[in-house]
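Read the structure below first, then the notes.
Everything numeric in this text was worked out from a predicted model, so none of it was measured.
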Amino acid sequence: MEEIISWDEWVEFVRPYYPAGKRGRPTKGIEKMLRMYLLQTWFNLSDEGVEDAIYDSYAFRKFMKIDFMNEQVAHQNKRSFINPLKIGHSEYPTFH
């Protein structure tokens with residue numbers, strides 16, 4: 001997926017819709033939340049399910065670029081990440 005997805009373009013697409021993190025929990029990076037959202041969608045996982053899968057699967061951790069020696073899985077609710085974006089599937093960018 002690293003070769004297929006242009007992360008910089010996706011991050012810039014989401015940036016105007018992403019919370020600034022001025023209230024509530026500190027936000028995780030946009031790319032990290034996008035990666036988690038994609039894993040959740042691809043594998044049909046709940047919020048808790050994707051978090052558990054990242055802890056359990058080396059492949060998921062590698063895709064997420066998480067080093068458990070330095071950080072933990074984002075406990076931010078993924079719905080709170082994607083719902084405020086108010087982006088319909090037809091509006092998702094297609095990058096080549």
Side-chain angles (χ1 to χ4, degrees):
M1 297 315 298
E2 298 299 323
E3 295 174 16
I4 296 171
I5 297 173
S6 174
W7 292 106
D8 292 337
E9 291 180 57
W10 275 88
V11 167
E12 291 310 312
F13 175 78
V14 171
R15 188 176 307 285
Y17 306 98
Y18 195 66
K22 294 179 183 175
R23 299 184 312 177
R25 292 182 192 171
T27 59
K28 294 288 183 176
I30 296 172
E31 183 177 333
K32 190 161 304 265
M33 293 306 294
L34 271 171
R35 287 173 180 273
M36 188 174 290
Y37 177 73
L38 290 174
L39 286 174
Q40 184 177 18
T41 302
W42 293 334
F43 294 95
N44 195 29
L45 298 168
S46 66
D47 289 347
E48 295 81 15
V50 75
E51 291 174 10
D52 290 344
I54 292 167
Y55 280 112
D56 293 341
S57 168
Y58 173 74
F60 276 33
R61 285 193 304 272
K62 188 173 178 182
F63 177 76
M64 287 292 301
K65 297 184 177 180
I66 290 179
D67 176 4
F68 283 136
M69 299 301 266
N70 299 315
E71 61 183 314
Q72 293 181 339
V73 174
H75 292 292
Q76 177 177 351
N77 184 303
K78 269 57 72 193
R79 298 288 172 236
S80 68
F81 166 68
I82 202 67
N83 286 347
L85 300 181
K86 296 180 177 65
I87 301 170
H89 288 288
S90 62
E91 299 176 54
Y92 288 172
T94 53
F95 300 108
H96 305 282

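Residues Ile5 and Leu38 are in side-chain contact: their nearest non-hydrogen atoms beyond the backbone lie under 4.5 Å apart. In this structure, the side chains of Arg61 and Tyr55 stay at 4.5 Å or more apart for every pair of heavy atoms. By the 4.5 Å heavy-atom criterion applied to side chains, Ile66 and Lys32 are counted as neighbours.
Remark: Glu2 pairs with Trp7, Arg35 by the side-chain hydrogen bond (donor to acceptor under 3.5 Å, both in side chains) rule, at least two apart or across chains. In this structure, the side-chain contact (heavy atoms from CB on, under 4.5 Å) partners of Thr41, at least two apart in sequence or on a different chain, are Tyr37.
Note that OG of Ser57 and CE of Met64 are 11.5 Å apart. Values are rounded to the nearest 0.5 Å. Atom CE of Met36 sits about 9.0 Å away from atom CG of Asp47, to the nearest 0.5 Å.
Proximity of the aromatic rings of Phe43 and Phe60 is defined here by a centroid distance below 6.0 angstrom, and this criterion is met.
Put simply, Ile4 and Leu34 are part of the same group of oily side chains (I, L, V, M, F, W, Y) that touch within less than 4.5 Å, one to the next.
In this pair, Tyr17 and Phe13 present their aromatic rings tilted. The plane angle is within the 30 to 60° band.
A donor-acceptor distance shorter than 3.5 angstrom exists from the side chain of Gln40 to the backbone of Leu45, with no hydrogens or angles considered.
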